[in-house]
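One structure is given below, encoded as structure tokens.
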Amino acid sequence: MSAVVMDGKGLAEKVKAQIREKVSKMRRQPGLAVILVGADPASQVYVRNKEKDCEECGIQCYDYRLPQDTTQEEVLALVTKMNNCDAVDGILVQLPLPSQINERVVLEAIAPEKDVDAFHPENVGRIMQGQAYYKPCTPAGVMEMLHEYGIDPAGKHCVVVGRSNIVGKPTAMLLLHENATVTICHSKTPDLKAHCCQADILVCAVGKQGLITADMVKPGAVVVDVAMNRNEMGKLCGDVEFAPVCEVASYITPVPGGVGPMTRAMLMENTYQASQRRNSK
Ligand code: GUN
């Protein structure tokens, strides 16, 4: 068997084109404030990509680059200003923040209706209850991709490897809301292979190159690789051994070109949704 490779890049382009079309009909351009503290190279790339996505979608990006030694009070003052700014519909504070700043305090300061990352505890609680204003971008991207390829999680056994607040936990919840039976595995799970082998849909979000080998995948399973690692050659790769797993799985996401571009497209969708919500008030 050779798995269908799910084209996250192509689907993200389609989603962004749809957003651009919807935005072009709006009287007021949606606005996204992006706050980056410090000069972490990976974060700089992420932020640059977000700015590019905004431009493609017709969303106004308000870019704030603050120095590494910015205090928590200064970040909180900017967040408050963005909360009160009429032109701004969504606020994204790029993580990680420098060590002098408490991430939790900053994320909780973002107005929940402008929290397009869906990291605020109110939005996390809403996700638990199936009442989310916004779905967190990476889990939402995973679900969009499954839908696009006609993969219905209902009645399936989904195994999510990784329990982060950003990916593992919310992805498990979105799958549950679509009637999957969900197992969450993590670093303390004994016999990870035994669990993975049970999965009809296997989602891996750990950040460990080569973690998922072909003998851990049930024949015909759907494999979603959320991780972004760098291999010995400095090339991007996921947690899944791609070529061997292709021989076992029915569908698989590549890295790069799978979940990553979908995450970015979902941020644009959330920003569009945020502006719609505010306009309709
Ligand atoms: N850093 C890595 N991923 C993310 C993300 O999805 N949102 C934010 N705000 N920061 C991140």
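Indexing begins at 1, ligand by ligand and atom by atom, following the structure's order.
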Spacing of I212 atom CD1 and D225 atom CG [to the nearest 0.5 Å] | 8.5 Å
Is any side-chain heavy atom of V159 less than 4.5 Å from a side-chain heavy atom of C185?
-> yes
Please tell me if the side chains of C54 and M268 come closer than 4.5 Å, counting only heavy atoms from C-beta onward.
-> yes
Without hydrogens or angle criteria, can the side chains of K22 and Q276 be said to hold a donor-acceptor pair below 3.5 Å?
-> no
Do E269 and Q18 get their side chains close enough for a donor-acceptor pair, meaning under 3.5 Å?
-> no
Considering residues, nucleotides and ligands other than M128, do more than 12 of their heavy atoms fall under 6.0 Å from its CE?
-> no
Provide, line by line, the atom pairs where ligand 1 and the protein bring an N/O atom each to a distance under 3.5 Å; else say none.
unit_1, atom_1, unit_2, atom_2, d
ligand 1, 1 (N), Q94, NE2, 3.1
ligand 1, 1 (N), L95, O, 2.9
ligand 1, 7 (N), D117, OD1, 3.2
ligand 1, 7 (N), D117, OD2, 3.3
ligand 1, 9 (N), V93, O, 2.8
ligand 1, 9 (N), D117, OD2, 2.6
ligand 1, 10 (N), L95, N, 3.0

